[in-house]
A.B. asks: 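Just dropping this structure here.
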2 protein chains.
Amino acid sequence: MSVVKKNIEEMILASARRHFSRKGFAGASLQEIAKEAGTTKSMVNYYYRSKEKLFDSIFLSEFRNLFSSIAGVLLEEAPLEKKLEQIVSLDIDKLLGMPGLPVFILSELHRNPEMIFKGMENIPVNRVLTKLEKQIKEESLRGIIRYISARELILNIQAMTIFPFLAKPILTGKLGFTEKSFNSLMQKKKKEVVTMIWNSIKK
Amino acid sequence: MSVVKKNIEEMILASARRHFSRKGFAGASLQEIAKEAGTTKSMVNYYYRSKEKLFDSIFLSEFRNLFSSIAGVLLEEAPLEKKLEQIVSLDIDKLLGMPGLPVFILSELHRNPEMIFKGMENIPVNRVLTKLEKQIKEESLRGIIRYISARELILNIQAMTIFPFLAKPILTGKLGFTEKSFNSLMQKKKKEVVTMIWNSIKK
DNA sequence: GTCTATAGCTGGATAGAC
DNA sequence: GTCTATCCAGCTATAGAC
């Protein structure tokens, strides 16, 4: 009857996303999820059959969200340095919009490592890795960079971009950052991270 | 009557540490904690009064464990580069012995940010920060390094050392690392991280 | 101190009326 | 599809015997 009142199914999904990503699987309850969606537990079970199935659908989409952009960029054709710039900027912008995403994904993965297979079944990890590995070898043969394995390069990039969001409660709680200064720190990091990583591999 | 059978109180604490750090506050149950400690729920409540109090004592000691060494090193007298080497080595060695520590601390902090005040009440954060800030200014005036704020330097160091442990489920699950190759990666990182950070600030 | 028993609640899931 | 009512399992916490 309006745009505001979406159908119940979507309301549940939106509420579940908030609750699961804030409290985790164990900490969230269907009662609260239903309540915030303006309906009842029965409706949740009607649409999603079980807490676990509901969680899975949330986790899956969030997981892909976290890793989709990096996979996309790495599969394009561009010099490594350009790809580096794009990945860092895209990731930081995305995470500024959803700063709780990394800790949600990583903590749930920690408690249930098998979920990684569900999460990554549609991400072409091997294609991304071999393509990147090939590009690194080419550019190192041409004397642009020194060799580093593809997975280590990815790890270093993600460490510098994602970790600040994981440590955010400490930064704002004890290291004097505010919401605003944290955000401008991350804006500054777009350049900083690229420089730091690139300097560590360029010849 | 032996060294193996410690008193119940310690058995409960050890069991609680395992359960909480693997499953988090919400996911762990006093039933299972008691069972693995070879006793009953009643004993847990007898010694620790409530689930929350038991959790707090665990969280507190783990939190201090994570940040004690870095604070210790930063308060010593030594050139910045030496401190950098020590922090990275100490942290990586410690985390290799308890790889689940960072995700436990950070995820619980995410779900309940106020805990940071309990966790840090005995860590002299401000003393550490001002001392480091002073040292950075001195060394940058002497032309050794460029200026970087103390908290940003700490953030960068911790990002490079801690993040691999947070991402470990992905590294071993999808990026081809084994327990062994992960460990030797981290050994290699002791030097790598120091070089990378130092190059990013040295003149 | 250590146990059993149980109170009292909240959780997920299902049955059945409409 | 949507709701109310209800079942049953699991949880924390406490009472009380020994």
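Residue numbers start from 1 in every chain, and the chains themselves are labelled A, B, ... in the order their sequence lines are given, proteins ahead of strands.
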A.B. asks: Under 3.5 Å, is there a donor-acceptor pair linking the side chains of B:Asp91 and B:Ser69?
C.D. replies: yes
A.B. asks: Rounded to whole angstroms, how far apart are CE on B:Met43 and C1' on D:dA13?
C.D. replies: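 So the CE-C1' distance, B:Met43 to D:dA13, works out to 13 Å.
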A.B. asks: Using a 4.0 Å heavy-atom cut-off, does B:Ser42 contact any base of the nucleic acid, only the sugar-phosphate backbone, or nothing at all?
C.D. replies: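 Touches a base.
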A.B. asks: Decide yes or no for B:Ile170 and A:Phe67: does some side-chain heavy atom of the first lie under 4.5 Å from some side-chain heavy atom of the second?
C.D. replies: yes
A.B. asks: Nearest whole angstrom, please: distance from the C1' of D:dC11 to the NE2 of B:His19.
C.D. replies: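 Computing the B:His19:NE2 to D:dC11:C1' distance gives 14 Å.
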A.B. asks: What nucleic acid atoms does B:Ala26 come within less than 4.0 Å of, heavy atoms only: base, sugar-phosphate, or nothing?
C.D. replies: nothing
A.B. asks: Using modelled atom types and a 3.5 Å cut-off, is there a donor and acceptor pairing between side-chain atoms of A:Arg111 and backbone atoms of A:Phe25?
C.D. replies: no
A.B. asks: Pair up each side-chain donor or acceptor in residues 75-84 of chain B with any protein partner under 3.5 Å, not counting sequence neighbours, and list the distances.
C.D. replies:
unit_1	atom_1	unit_2	atom_2	d
B:Glu77	OE2	B:Lys131	NZ	2.5
B:Lys83	NZ	B:Leu74	O	3.1
B:Lys83	NZ	B:Glu76	O	3.0
B:Lys83	NZ	B:Gln135	OE1	2.7

A.B. asks: What's the CD-P distance between B:Gln31 and D:dA13, to the nearest Å?
C.D. replies: 12 Å
A.B. asks: Tell me whether the side-chain N/O atoms of B:Lys51 come closer than 4.0 Å to OP1 or OP2 in D:dT12.
C.D. replies: yes
A.B. asks: May I ask you to say what A:Tyr48 touches in the nucleic acid, namely base, sugar-phosphate or nothing, with a heavy-atom cut-off under 4.0 Å?
C.D. replies: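 If one applies the 4.0 Å heavy-atom cut-off, A:Tyr48 turns out to touch nothing in the nucleic acid.
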A.B. asks: Of all nucleotides in DNA chain C with an atom under 4.0 Å from a non-hydrogen atom of chain B, which is the first and which the last going 5' to 3'?
C.D. replies: C:dG1 to C:dT6
A.B. asks: Assign A:Tyr46 to base, sugar-phosphate, or nothing according to its heavy-atom contacts below 4.0 angstrom with the strands shown.
C.D. replies: base
A.B. asks: Is the shortest distance from a Lys or Arg side-chain nitrogen in B:Arg22 or B:Glu32 to a carboxylate oxygen in the other one below 4.0 Å?
C.D. replies: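 Judged by the 4.0 Å cut-off on N to carboxylate O distance, B:Arg22 and B:Glu32 do not form a salt bridge.
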A.B. asks: Describe the nucleic acid contact of B:Thr40 in one word from base, sugar-phosphate, nothing, applying a heavy-atom distance below 4.0 Å.
C.D. replies: base
A.B. asks: For the residue pair B:Phe63 and B:Phe59, categorise the inter-ring angle as parallel (less than 30°), tilted (30 to 60°) or perpendicular (more than 60°).
C.D. replies: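 Ring orientation of B:Phe63 relative to B:Phe59: tilted.
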